[in-house]
2 protein chains.
Amino acid sequence: MAVSKSKAMAEEPNRRADIVRAAGQLFHEKGYPGTTIRDIAGAVGMRSGSPFYHFKTKQDMLGAVVLEGMQAIHEAVAKAAASGKSPRATFEAMLLAHLDQLLGEEGQDFAATLLHESRHLDSKVSAEVVILKDRYELMWQKALKDLKRAGLIEDDSTVARLFLMGMLNWTVQWYRPDGSKSVAQIARQLASFVIGNRARA
Amino acid sequence: MAVSKSKAMAEEPNRRADIVRAAGQLFHEKGYPGTTIRDIAGAVGMRSGSPFYHFKTKQDMLGAVVLEGMQAIHEAVAKAAASGKSPRATFEAMLLAHLDQLLGEEGQDFAATLLHESRHLDSKVSAEVVILKDRYELMWQKALKDLKRAGLIEDDSTVARLFLMGMLNWTVQWYRPDGSKSVAQIARQLASFVIGNRARA
DNA sequence: CCTACCGATCGGTAGG
DNA sequence: CCTACCGATCGGTAGG
């Protein structure tokens with residue numbers, strides 16, 4: 001609650017952002033149709049009619065969550081992809097970035113909602129998401145191509161990329177923050193699983 | 001089953017089974033909370049109150065779908081596991097069995113609903129499903145152990161099994177029956193992806 | 001952002 | 001399995 005001084009971070013209460021965060025959490029937990037406006041309002045201390053001051057419809061809330069998740073995960077992974085390290089180190093950094101968005105504390109539910117609730121989007125936002133997703137997947141396809149060129153994997157096909165996405169995205173189903181594995185450990189193990197240990201330092 | 005004599009297949013209209021099938025399809029398409037009793041009733045040509053002649057609650061319908069899916073996929077994979085072939089061939093047969101249940105025409109939506117809508121189960125059926133799932137996953141853990149013992153993979157840990165489950169179960173998100181890959185091709189490619197081609201005939 | 005409310009739809013039931 | 005219906009809840013709105 002540092003309101004005055006350098007109100008850089010804990011800014012004046014951004015209620016819209018609060019709603020998006022609460023909606024993301026609830027959409028992830030209970031699914032989009034299983035979440036009510038009253039759930040969301042309650043989670044941010046509002047009455048049931050008030051979220052509509054910030055969003056026109058429930059659909060728009062889903063759109064905001066999904067688009068925010070898409071942007072965040074793309075940005076994080078793109079940064080890792082451009083880090084200029086070796087193919088293996090770059091790949092591992094990308095894995096970590098993706099998992100961190102998906103499982104970490106920050107964008108957690110944005111990305112998870114993106115992956116599992118996108119089918120409930122209406123056509124307008126949906127079309128936008130498809131484009132962004134294609135662009136995102138291209139980054140991974142390129143990463144696989146680099147790994148193959150370096151002789152670290154054998155298969156850099158589209159299906160191989162989908163296998164990889166499956167391993168990454170399925171973590172949502174089993175990862176627990178209080179479990180025995182950290183996100184970084186999982187990323188490392190996944191890299192080894194895909195590449196093997198031939199090039200292991 | 002096997003009621004009278006030879007009217008084995010196109011039996012007297014089994015309305016309960018019709019409801020389970022329709023419910024599975026709809027739960028998979030629109031999610032459990034997004035599916036209404038009226039949707040299900042409509043899909044089998046009933047009025048909205050009639051499904052309750054066969055099931056006490058909507059929850060019970062979900063339970064029936066999920067349990068049926070669990071049983072079917074377990075049975076199919078157990079059979080493949082016991083085929084007595086080489087570790088690699090057995091593994092590939094198990095992959096195919098799992099994918100066939102998940103993506104094939106038969107139990108299609110049962111298994112898919114199982115994977116994605118189980119969180120909406122109430123505690124009673126949920127507990128039962130957890131037990132069955134553990135038993136199912138044990139089969140896979142054993143398959144990985146056999147592969148490692150045969151020198152075909154390096155990592156047979158729990159997390160490795162979860163990676164594998166991710167690759168398998170994520171196919172629901174992208175597989176299309178009219179696409180360029182058959183289920184059998186995907187199973188084969190997945191085996192190669194995990195094992196590599198060292199032992200390839 | 002709240003109060004007060006609307007029409008629509010939901011899961012489920014009684015009675016046949 | 002249908003007809004007819006119930007109370008509860010839903011997404012959304014008007015008016016302040």
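What you see below is based on every heavy atom in this structure, not just the backbone, and it leaves out hydrogens, waters and symmetry mates. Every chain is numbered from 1, with letters handed out A, B, ... down the list of sequences.
- Atom CD1 in Ile40(A) sits about 16 Å away from atom C1' in dC1(C), given to the nearest Å.
- Shown here, dC1(D) forms a base pair with dG16(C); the pair counts as Watson-Crick or G-U wobble because both key distances fall under 3.5 Å.
- The minimum heavy-atom distance between Leu132(B) and Met70(B), with the atom names listed, is CB-CG, 3.5 Å.
- To the nearest angstrom, C1' of dC1(C) lies 14 Å from CG of Asp18(A).
- Asp60(A) has its CG atom 13 Å from the C1' atom of dG11(D), to the nearest Å.
- You'll find that the side chain of Phe52(A) is closest to dG12(D), out of dT3(D), dC1(C), dG12(D).
- Of the listed nucleotides (dC1(C), dT3(D), dC1(D)), dC1(C) has the atom at the smallest distance from the side chain of Met46(A).
- The CD atom of Gln59(B) sits 12 Å away from the P atom of dG11(C) (whole-angstrom rounding).
- Summarising the base pairing, dA8(C) is matched to dT9(D) through a Watson-Crick or G-U wobble pair whose two defining distances lie under 3.5 Å.
- His120(B) has its NE2 atom 13 Å from the P atom of dG11(C), to the nearest Å.
- When all heavy atoms are compared, the tightest approach of Phe52(B) to Met61(B) is CE2-CE, 4.5 Å.
- dG12(D) atom C1' lies 15 Å from atom CZ of Phe55(A), rounded to whole Å.
- What separates CD1 of Ile37(A) from P of dT9(C) is a distance of 17 Å, to the nearest Å.
- For Arg38(A) and dA4(C), the CZ to C1' distance is 12 Å, given to the nearest whole Å.
- Between Asp39(A) and Gly49(A), the residue anchored nearer the 5' end of DNA chain D, judged by the nucleotide with its closest heavy atom, is Asp39(A).
- For Lys58(B), the side-chain atoms get nearest to dG12(C) when compared with the rest of dC1(D), dG12(C), dC2(D).
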Any chance you could lay out the side-chain hydrogen bond (donor to acceptor under 3.5 Å, both in side chains) test for His116(B) and Asn169(B), step after step, and finish with the verdict? CA-CA 10 Å; His116(B) 293 284; Asn169(B) 295 337; over 6 Å; no

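- What you find for Asp18(B) and Arg15(B) is that their closest heavy atoms are OD2-NH1, 3.0 Å.
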Walk me through it: do Lys58(B) and Ile37(B) pass the test side-chain contact (heavy atoms from CB on, under 4.5 Å)? CA-CA 7 Å; Lys58(B) 188 184 173 189; Ile37(B) 296 294; 3.9 Å; yes

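- Among the atoms of the strands shown, only primed sugar atoms or phosphate atoms (P, OP1, OP2) are found under 4.0 Å from some heavy atom of Thr36(A).
- Between His54(A) and Ser48(A), the one whose closest nucleotide on DNA chain C sits nearer the 5' end is His54(A).
- Closest to the side chain of Arg15(B), from the set dC1(D), dC1(C), dC2(D), is dC1(D).
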